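These notes are about the structure you will find just below.
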Amino acid sequence: MAEKKFSLPAKLINGGVAGLVGVTCVFPIDLAKTRLQNQQGARVYSGMLDCLAKTIKMEGYFGMYRGAAVNLTLVTPEKAIKLAANDVFRQKLSKDGKLPLWGEILAGCGAGTCQVVVTTPMEMLKIQLQDAGRLAAQRTVAASAAGSTPSLVASQAAQPGTNAPPRSSATRITLELLKTRGLRGLYKGAGATLMRDVPFSMIYFPLFANLNAVGRTEDRHSNPQERAPFLQSFVAGCTAGSVAAVAVTPLDVIKTRLQTLQKGEGEDSYRGIIDCAQRILKREGPAAFLKGATCRALVIAPLFGIAQGVYFLGIGEHVLGLLG
């Protein structure tokens with residue numbers, strides 16, 4: 001089968017559409033992941049379902065979507081860069097239409113590196129918005145445990161949607177960071193983000209390519225998503241995404257802790273990646289590095305399954321065809 005002409009604009013559109021659809025579907029689980037990973041002292045949530053149930057009770061249904069606006073805004077360039085960069089690197093590293101395993105890994109490495117320029121500020125802003133509800137809930141738990149008079153926040157806990165913490169916004173956080181820390185403030189945790197996203201891409205893209213080529217012997221490593229059936233492409237994206245997500249969860253925990261600006265009572269602040277890893281290991285044990293692993297798998301699997309499905313359907317190519 002002749003290979004379709006490579007179109008970077010189409011790849012960017014496909015990546016953007018995939019990111020928007022995927023994030024809309026799985027954002028509440030991502031919020032639960034962030035809150036579970038940031039738990040250090042008072043145990044506010046016992047798991048993902050408990051976190052989502054308490055979020056709805058205390059903040060209302062849309063509390064599960066705190067930080068979604070910034071994610072939906074920036075996920076388009078983020079996913080577009082990631083998926084398009086991988087395709088570009090794969091094309092450049094291919095010889096005679098074939099790409100060896102080392103080339104697949106290197107292409108994934110390049111894709112993960114390119115996306116960090118957008119991922120870091122996106123995650124920085126999203127985490128502050130997502131974690132605000134956990135901090136408010138933790139204060140309520142701490143006040144109850146101390147036997148103190150319930151605060152206004154605590155006294156309203158029984159009323160759905162009335163216990164929402166004071167709302168901040170991505171714009172306000174951005175301006176405050178730029179004012180107090182400069183552009184560097186938005187890129188806090190960039191090293192940890194790079195440490196997470198590069199290994200993720202090095203695992204995901206080669207694994208996806210090989211799973212997507214199962215049952216086909218022709219041109220296994222050239223451009224498999226253009227030849228696989230839709231269902232195989234979707235399942236390969238889900239499987240590769242969940243495996244890669246769980247594999248790098250310890251790095252994601254470190255990244256989340258480093259990027260969280262507001263800490264709860266008794267919670268550690270960290271000087272860097274090594275200090276963060278050492279403190280987590282000492283205070284919480286090895287299991288803490290897998291906090292939110294299930295949530296990550298449930299977020300990333302459909303996210304990348306949808307992404308590969310969008311690529312398969314060629315939405316970007318259809319849009320460009322209508323415009324041109």
Side-chain angles (χ1 to χ4, degrees), residues 23 26-56 58-59 63-64 66-67 71 119-120 122-142 188-189 191-200 203-204 241-304:
V23 166
V26 302
F27 191 84
I29 304 175
D30 185 67
L31 177 137
K33 186 263 317 178
T34 297
R35 294 186 176 185
L36 290 171
Q37 286 183 338
N38 267 331
Q39 283 195 137
Q40 296 182 48
R43 189 177 174 84
V44 180
Y45 312 112
S46 60
M48 179 184 71
L49 295 179
D50 181 57
C51 177
L52 293 176
K54 287 179 177 176
T55 298
I56 293 174
M58 299 179 70
E59 303 170 54
M64 295 191 299
R66 295 197 70 177
N71 220 38
T119 303
T120 303
M122 179 184 77
E123 296 259 320
M124 184 71 184
L125 297 173
K126 181 193 72 171
I127 286 171
Q128 314 317 315
L129 296 170
Q130 286 182 327
D131 202 45
R134 180 191 69 88
L135 294 172
Q138 187 191 61
R139 287 191 291 270
T140 301
V141 171
K188 182 180 180 182
T193 305
L194 198 65
M195 282 181 59
R196 181 198 65 172
D197 288 347
V198 170
F200 177 92
I203 296 169
Y204 172 78
S242 60
V243 170
V246 173
V248 302
T249 294
L251 300 172
D252 187 59
V253 171
I254 293 172
K255 182 202 74 68
T256 300
R257 295 282 182 92
L258 287 173
Q259 288 188 316
T260 302
L261 299 176
Q262 298 293 325
K263 302 291 184 180
E265 186 177 351
E267 293 183 349
D268 280 335
S269 294
Y270 310 103
R271 294 190 299 272
I273 294 171
I274 296 176
D275 179 58
C276 180
Q278 290 175 337
R279 285 173 179 262
I280 291 173
L281 184 62
K282 181 179 179 180
R283 289 196 57 178
E284 303 170 61
F289 288 107
L290 290 177
K291 284 184 176 181
T294 301
C295 293
R296 270 186 63 76
L298 291 175
V299 168
I300 300 297
L303 195 61
F304 280 87

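Nothing fancy with the numbering, it's 1 onward along the sequence. Hydrogens, waters and symmetry mates play no part in the numbers below; they use all other heavy atoms, side chains included. What you see is a predicted model, and the numbers here were worked out from it, not measured in a lab.
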Would you give the length of the straight line joining atom CG of L281 to atom SG of C276, rounded to the nearest 0.5 angstrom? 11.0 Å
Residue of the set L31, V23, T294, I29 for which side chain to side chain contact (heavy atoms under 4.5 Å, CB included) holds with V299: I29
Could you give the distance from CD (Q262) to OG (S269), rounded to the nearest 0.5 Å? 9.5 Å
Heavy atoms of Y45 and A137 approach each other most closely as OH-CB, 4.0 Å
Is any side-chain heavy atom of T120 closer than 4.5 Å to one of Q259? yes
Side chains of M195 and I254, heavy atoms from C-beta outward: is any pair under 4.5 Å? no
What distance do R257 atom CZ and D252 atom CG have between them, rounded to the nearest 0.5 Å? 11.0 Å
T260 side chain near E267 side chain, heavy-atom distance below 4.5 Å: no
Closest heavy-atom contact between Q128 and M124? NE2-O, 2.8 Å
Flag the pair N38 / Q130 as yes when at least one side-chain heavy-atom distance between them is below 4.5 Å, and no otherwise. no
Does the pair Q37 and K255 meet the rule for a side-chain contact (heavy atoms from CB on, under 4.5 Å), with working shown? CA-CA 10 Å; Q37 286 183 338; K255 182 202 74 68; over 6 Å; no
Any side-chain heavy-atom pair from E284 and K291 closer than 4.5 angstrom? yes
Tell me, do Q278 and K282 make a side-chain contact under 4.5 Å, heavy atoms counted? no
Looking only at heavy atoms, what is the nearest atom pair of L135 and K263, with distance? CD2-C, 3.9 Å
The single option from V248, V246, D30 that satisfies side chain to side chain contact (heavy atoms under 4.5 Å, CB included) with R296 is V248
Would you say the side chain of I280 lies within less than 4.5 Å of the side chain of Y270, judging by non-hydrogen atoms? yes
Rounded to the nearest 0.5 Å, what separation is found between the NZ atom of K33 and the CE atom of M48? 13.5 Å
Would a 4.5 Å heavy-atom cut-off, applied to side chains only, mark F200 and I300 as touching? yes
Any chance you could lay out the side-chain contact (heavy atoms from CB on, under 4.5 Å) test for R196 and E123, step after step, and finish with the verdict? CA-CA 12 Å; R196 181 198 65 172; E123 296 259 320; 3.5 Å; yes
Could you tell me which non-hydrogen atom of I273 sits nearest to which non-hydrogen atom of A192, and how far apart they are? CD1-N, 3.7 Å
If you take all heavy atoms of F27 and G67, which pair is closest and at what distance? CZ-C, 3.4 Å
Applying the side-chain hydrogen bond (donor to acceptor under 3.5 Å, both in side chains) criterion to R35, which one of T256, T55, D131 satisfies it? T55
Provide the closest heavy-atom pair for G133 versus R66 in the form atom of the first, atom of the second, distance. N-NH1, 4.0 Å
